[in-house]
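Below you'll find the structure, written out as structure tokens, and then a few comments.
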Amino acid sequence: MAARIEHLVTSGQFSLDGGTWDVDNNVWIVGDDHEAIVIDAAHDADAIAAAVGDRRLTAIVCTHAHNDHIDAAPELAARTGAPILLHGDDLPLWKQTHPDREPDASLTDGQVLTVAGVELTVLHTPGHAPGAVCLYAPALGALFTGDTLFNGGPGATGRSFSHFPTIIDSIRDRLLALPPETKVLTGHGDATSIGAEAPHLEEWIARGH
């Protein structure tokens, strides 16, 4: 069977800079009946492991290291043997949540991950976090954006390790250049498309956050 995208929503808390918020996170599973990768192991290792089932989990990919995207990653890795992959620029954030467990390997810009015959290209898109990445799977017509681009605009940049002009550069230069029909599968909330978001870039810049 051809590769497909599966979607799970898990609930927990996001904490940074002394504040804590209740959040729902999108967990994405890409694969076929035999192998899969998980994008953002959020909150609930049991639910994610159940969704993966008896497939071989080849990687746990972190779009960035805010705690709500990585809190279940070590447990899922321990249960499945899958390596945790994170861009090195987000190690300081990672260590806030998991001081005693390093990621297994670093993601790099332009790196290609392959699962079930599908290639996912790593795009380094800093701004929301220094090591934030998106994953582009042209064969699936999909872009997994984490918290870099949402339905309605850029991810938040009002907290530590984030920077608004940087996220705008990342979105304009790396994401909006992709085909307009590309589905944008986000870290929280509803999906959108490159074509739906691209016309609003100037509004976001004018809003400035």
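Note that this is a predicted model, so its numbers are computed, not measured. All values below were derived from every heavy atom in this structure, side-chain atoms included, with hydrogens, water molecules and symmetry-related copies excluded.
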So, do L123 and L135 sit near enough that their side-chain heavy atoms are less than 4.5 Å apart? no
Following the transitive rule for hydrophobic clusters with a side-chain heavy-atom cut-off under 4.5 Å over Ile, Leu, Val, Met, Phe, Trp and Tyr, establish whether L107 and L120 coincide in one cluster. yes
Would V27 and T10 count as a side-chain contact (heavy atoms from CB on, under 4.5 Å) if you check the C-alpha gap in whole Å, the side-chain angles of each, and the deciding distance to 0.1 Å? CA-CA 7 Å; V27 179; T10 59; 3.8 Å; yes
For the student: nearest non-hydrogen atoms of A82 and A77, plus distance: O-CB, 3.4 Å
Answer whether the closest heavy-atom distance between the side chains of L113 and T58 falls below 4.5 Å. no
H43: which residues meet the ring-ring contact (aromatic ring centres under 6.0 Å, His included) condition with it, sequence neighbours left out? none
Taking the six-membered ring where the residue is Trp, are the ring centres of H163 and H128 under 6.0 Å apart? no
Side chains of S11 and D24: any donor to acceptor distance under 3.5 Å? yes
Determine whether the side chains of S15 and N67 contain a donor N or O and an acceptor N or O closer than 3.5 Å. no
Test item: T114 and V118 side chains (from C-beta on) under 4.5 Å apart, heavy atoms: no
Does some side-chain heavy atom of R101 sit less than 4.5 Å from a side-chain heavy atom of P74? yes
Yes or no on side-chain contact (heavy atoms from CB on, under 4.5 Å) for L140 and V30, after CA distance, side-chain angles and deciding distance? CA-CA 10 Å; L140 299 175; V30 182; 3.8 Å; yes
May I have the step-by-step check of side-chain contact (heavy atoms from CB on, under 4.5 Å) for D147 and T186, ending in yes or no? CA-CA 7 Å; D147 290 0; T186 58; over 6 Å; no
Please determine whether a side-chain nitrogen of the Lys or Arg among E202 and R172 lies less than 4.0 Å from a carboxylate oxygen of the Asp or Glu. no
Ion pair present between R174 and D109, side-chain N to carboxylate O less than 4.0 angstrom? yes
Look at R79 together with D46 and state whether they make a salt bridge at an N to O cut-off of under 4.0 Å. yes
Are T108 and V122 packed together at the side-chain level, in the sense that at least one heavy-atom pair is separated by less than 4.5 angstrom? no
OG1 of T63 to CD1 of I39: how many Å apart, nearest 0.5 Å? 8.5 Å
Among side-chain atoms of H200 and E203, is any donor-acceptor pair under 3.5 angstrom? yes
Carboxylate-amine/guanidinium contact D33 R4, below 4.0 Å: yes
Give the ring-plane orientation class for H64 versus H69, where under 30° counts as parallel, over 60° as perpendicular and anything between as tilted. tilted
Given side chains that start at C-beta, do those of N26 and L185 come closer than 4.5 Å, heavy atoms only? no
Which residues end up grouped with W21 if you chain together Ile, Leu, Val, Met, Phe, Trp and Tyr wherever their side-chain heavy atoms are less than 4.5 Å apart? F14, L16, V23, L93, F161
For the residue pair N151 and D190, confirm or rule out a side-chain donor-acceptor distance under 3.5 Å. no
Is the closest side-chain heavy-atom distance between K183 and L143 below 4.5 Å? no
